[in-house]
Amino acid sequence: MATPKTLTPPKEGERIEARGGRLAVPDTPIIPYIEGDGTGPDIWRATVRVLDAAVRKAYGSKRRIVWFEVFAGEKAHARFGTWLPEETLQAFEHYVVGIKGPLTTPVGGGFRSLNVSLRQQLDLYACVRPVRYFEGVPSPVCHPEQVDVVVFRENTEDIYVGYECASGSPEAKRLIEFVGREFKWKIREDAGVGLKPMSPFGTKRLVRKAIRFAIDHGRRSVTLVHKGNIMKYTEGAFAQWGYEVAREEFAAETIPWADVEKHHRGVVPPGKILIQDYIADVTFQHVLTRPRSFDVIATGNLNGDYLSDAIAAQVGGIGMAPGGNISDVHAVFEATHGTAPKYANQDKVNPGSLILSGVMMLEHLGWREAAGLVIRGMEATFRKKIVTYDLARLMEGAREARTSEFASAVVDNM
């Protein structure tokens, strides 16, 4: 990596390398991190304590993460006058695996989402969000224990690419005139307009990763979620391309629902992973009323955003939902919630999302023993009703803990 202007790489540790599609992880990997804006520093301090304790307990002095702070968001802007320094992108690219807290994104104007920029510039095409329930965590639904879903959300296409023009702008006027002239599409002259690209390439690599995950983890089904009854050539094509991947590349491991109905009387044969598709709005209803119908979900960018948050709401909210943005080589794990600036530096908020994202990172490194210790620590902590304010206010007999106290409890309960 070129000598950075804003960063000082650590003198110890080694970089992770990708060899033949697999990670070669040293015993002291260098992991770049962004602590995040708002409540980011609070939850990062808690998270790093938990992860370091788990690694130490699992492997003693044999393994250790060498943390490397890199910058984005408000901290980067204050120090270097830019929201996303090029050296930060270089660090994530060079060291292959990283982790980050929440970053500020303005609504309606200003700079584009830093999260989206990171995903697009590093081609982190799969946003992976596993959502599961921890016993004792308050939930708005009757049976949150039925929720065990992994969402694969396509990260680089759909409306999130940001190909849009503001209402009244010369660009919007030219685009409206063009589609009116060439396609006879009638659009109001004062409209803001955008494009929604979805491609076979982008869809198939996302669905391919979802199916491989299902195979590797012994999952039951992969559901392709779309709005193809209305948007036939983008959303509808997403489902068609997904079925093509299953048929052409995983015929021995998967079976589509049409074949289950036609040849197996509605019962999935043993050893086969069901491939099915659902309309997006129906899916929103069914993940609430019958979540066991869903195991692995593959979907587009916008549907995946809404859907993963809706599923997380059933198990305690997005403060309990981890996430990872993954390509064929690189991975950046992140808290899935916002910055909550009004609680910044109060040692108050729930660090669960970032801690569980750290668990995903440990599993990605192949350090499953350490990942299991964190899960065990969190399970025991919740059973003892030691929780931060967001959950304590919903639980009878809870012991409200500060962010740092919750981290200490997780470490003690490993």
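Start at 1 with the first residue, then count along the sequence.
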**Item:** Greater than 12 external heavy atoms within 6.0 Å of His217's NE2
**Value:** yes
**Prompt:** Between the side chain of Ser169 and the main-chain N/O of Cys165, is any donor-acceptor distance below 3.5 Å?
**Reply:** no
**Prompt:** Does a sphere of radius 6.0 Å around CZ in Arg188 hold more than 12 heavy atoms from other residues, nucleotides or ligands, not counting ones at 6.0 Å or beyond?
**Reply:** no
**Asked** Under a 4.0 Å N-O cut-off, is there an ion pair linking Lys62 with Asp27?
**Response** no
**Prompt:** Where does the angle between the aromatic ring planes of Phe382 and Phe134 fall among parallel (under 30°), tilted (30 to 60°) and perpendicular (over 60°)?
**Reply:** tilted
**Item:** Criterion side-chain hydrogen bond (donor to acceptor under 3.5 Å, both in side chains) on Arg153 and Asn301, from CA distance to verdict
**Value:** CA-CA 6 Å; Arg153 167 190 170 196; Asn301 213 331; 2.9 Å; yes
**Item:** Pair Glu379 + Lys384, salt bridge at N-O below 4.0 Å
**Value:** no
**Item:** Intermediate values then yes/no, side-chain hydrogen bond (donor to acceptor under 3.5 Å, both in side chains), Asp347 and Ser404
**Value:** CA-CA 7 Å; Asp347 194 27; Ser404 55; 2.7 Å; yes
**Request:** Going by the side-chain contact (heavy atoms from CB on, under 4.5 Å) test, name the single residue among Lys272, His263, Arg247 that passes it with Ile255.
**Result:** Lys272
**Message:** For the CD atom on Glu171, are there more than 12 heavy atoms of other groups (residues, nucleotides or ligands in this structure) within a distance under 6.0 Å?
**Reply:** yes
**Request:** Specify whether Tyr33 and Trp44 have parallel, tilted or perpendicular ring planes, treating 30° as the upper limit for parallel and 60° as the lower limit for perpendicular.
**Result:** parallel
**Prompt:** Thr388 and Pro351: which non-hydrogen atoms are nearest, and at how many Å?
**Reply:** CG2-CD, 4.1 Å
**Message:** Could you check whether any side-chain heavy atom of Arg132 comes within less than 4.5 Å of a side-chain heavy atom of Val147, counting everything from C-beta outward?
**Reply:** no
**Prompt:** Does the side chain of Val128 come within less than 4.5 Å of Val150's, by heavy atoms?
**Reply:** yes
**Request:** Please lay out, stage by stage, how Leu391 and Phe406 fare under the test side chain to side chain contact (heavy atoms under 4.5 Å, CB included).
**Result:** CA-CA 12 Å; Leu391 300 179; Phe406 178 81; over 6 Å; no
**Request:** Over all heavy atoms of both residues, which pair between Glu249 and Glu253 is shortest? Give the atoms and the distance, please.
**Result:** O-OE1, 4.5 Å
**Message:** Under the criterion side chain to side chain contact (heavy atoms under 4.5 Å, CB included), I'd like the reasoning laid out for Glu93 against Leu122: C-alpha separation, chi angles, the key distance, then a yes or no.
**Reply:** CA-CA 7 Å; Glu93 183 171 15; Leu122 294 174; 4.0 Å; yes
**Request:** Dump the intermediate steps for salt bridge (charged side-chain N to carboxylate O under 4.0 Å, His left out) on Lys196 and Asp158, then the final yes or no.
**Result:** CA-CA 5 Å; Lys196 178 186 173 72; Asp158 203 353; 2.5 Å; yes
**Message:** Ring-plane angle category for Phe178 and Phe183, please: parallel below 30°, perpendicular beyond 60°, tilted otherwise.
**Reply:** perpendicular
**Prompt:** Can a salt bridge be assigned to the pair Asp148 and Arg219 using a cut-off of 4.0 Å between side-chain N and carboxylate O?
**Reply:** yes
**Request:** Mind checking side-chain contact (heavy atoms from CB on, under 4.5 Å) for Ser199 and listing every partner two or more places apart, or none if nothing turns up?
**Result:** Glu157, Phe201
**Asked** Can you check side chain to side chain contact (heavy atoms under 4.5 Å, CB included) on Leu84 and Gln121, steps first, answer last?
**Response** CA-CA 11 Å; Leu84 184 57; Gln121 293 191 50; 4.2 Å; yes
**Trace of the side chain to side chain contact (heavy atoms under 4.5 Å, CB included) decision for Asn155 with Tyr160** = CA-CA 8 Å; Asn155 247 348; Tyr160 279 47; over 6 Å; no
**Request:** Could you verify whether a donor N or O on one side chain and an acceptor N or O on the other, from Ser327 and Asp123, lie under 3.5 Å apart?
**Result:** no
**Prompt:** Judged by modelled atom types alone, do Ser408 and Arg49 share a side-chain donor-acceptor pair under 3.5 Å?
**Reply:** yes
**Fill in**
Value for OG1 (Thr203) from CD (Glu235), rounded to nearest 0.5 Å, stands at 9.0 Å
**Item:** Check ion pair Arg393-Asp390 (N to O, under 4.0 angstrom)
**Value:** no
**Request:** Taking the side chain as every heavy atom from C-beta outward, state whether Ile297 and Phe152 have any atom pair closer than 4.5 Å.
**Result:** no
**Asked** After noting the C-alpha distance and the side-chain angles of Glu12 and Arg64, does the key distance pass the salt bridge (charged side-chain N to carboxylate O under 4.0 Å, His left out) rule?
**Response** CA-CA 11 Å; Glu12 55 183 345; Arg64 178 171 61 90; 3.0 Å; yes
**Prompt:** Which distance, rounded to the nearest 0.5 Å, do you find between the CD1 of Ile16 and the CG of Leu23?
**Reply:** 6.5 Å
**Request:** Quick one: sort the His286 and Tyr278 rings into parallel, tilted or perpendicular, breaks at 30° and 60°.
**Result:** perpendicular
**Asked** Which distance, rounded to the nearest 0.5 Å, do you find between the CZ of Arg292 and the CD of Gln146?
**Response** 4.0 Å
**Prompt:** When you look at CD of Glu135, are more than 12 heavy atoms from neighbouring residues, nucleotides or ligands closer to it than 6.0 Å?
**Reply:** no
**Asked** Would Glu154 and Tyr125 satisfy side-chain hydrogen bond (donor to acceptor under 3.5 Å, both in side chains), going step by step from the backbone distance to the final call?
**Response** CA-CA 6 Å; Glu154 205 290 318; Tyr125 63 84; over 6 Å; no
**Request:** Look up atom CD in Glu334 and atom CG in Leu124, then write down how far apart they are to the nearest 0.5 Å.
**Result:** 9.0 Å
**Item:** Carboxylate-amine/guanidinium proximity below 4.0 Å for Arg402 and Asp42
**Value:** no
**Prompt:** Taking atom CG of Asp277 and atom OG1 of Thr223, what is their separation to the nearest 0.5 Å?
**Reply:** 8.5 Å
**Test item: Val207 and Thr299 side chains (from C-beta on) under 4.5 Å apart, heavy atoms** = no
**Request:** Using a cut-off of 6.0 Å, state whether more than 12 heavy atoms not belonging to Tyr306 lie near its atom OH.
**Result:** no
**Message:** Looking only at side-chain N and O atoms, does Asn303 offer a donor or acceptor that is under 3.5 Å from a partner on Lys227?
**Reply:** no
**Prompt:** Would you say the side-chain atoms of Lys385 pair up with the backbone N or O of Ala392, donor to acceptor, closer than 3.5 Å?
**Reply:** no
**Message:** Is any side-chain heavy atom of Met361 closer than 4.5 Å to one of Ser357?
**Reply:** no
**Prompt:** Can Lys348 be said to sit on top of Tyr343's aromatic six-ring, NZ or CZ under 6.0 Å from centre and within 45° of the ring axis?
**Reply:** no
**Donor-acceptor contact present, side-chain His226 to main-chain Gly228, <3.5 Å** = yes
**Request:** Answer whether the closest heavy-atom distance between the side chains of Asn350 and Met320 falls below 4.5 Å.
**Result:** yes
**Salt-bridge contact Lys204-Glu244 (side-chain N to carboxylate O under 4.0 Å)** = yes
**Asked** Any side-chain heavy atom of Ser308 sitting closer than 4.5 Å to one from Thr336?
**Response** no
**Prompt:** Does the side chain of Asp37 come under 3.5 Å of the side chain of Thr104 through a donor N or O and an acceptor N or O?
**Reply:** yes
**Asked** Does any non-hydrogen side-chain atom of Leu356 lie less than 4.5 Å from one of Met378?
**Response** yes
**Asked** In Å and rounded to the nearest 0.5 Å, what is the CH2 to CD1 distance from Trp185 to Ile176?
**Response** 12.5 Å
**Prompt:** Looking just at side-chain N and O atoms, do Asp190 and Ser167 make a donor-acceptor pair shorter than 3.5 Å?
**Reply:** no
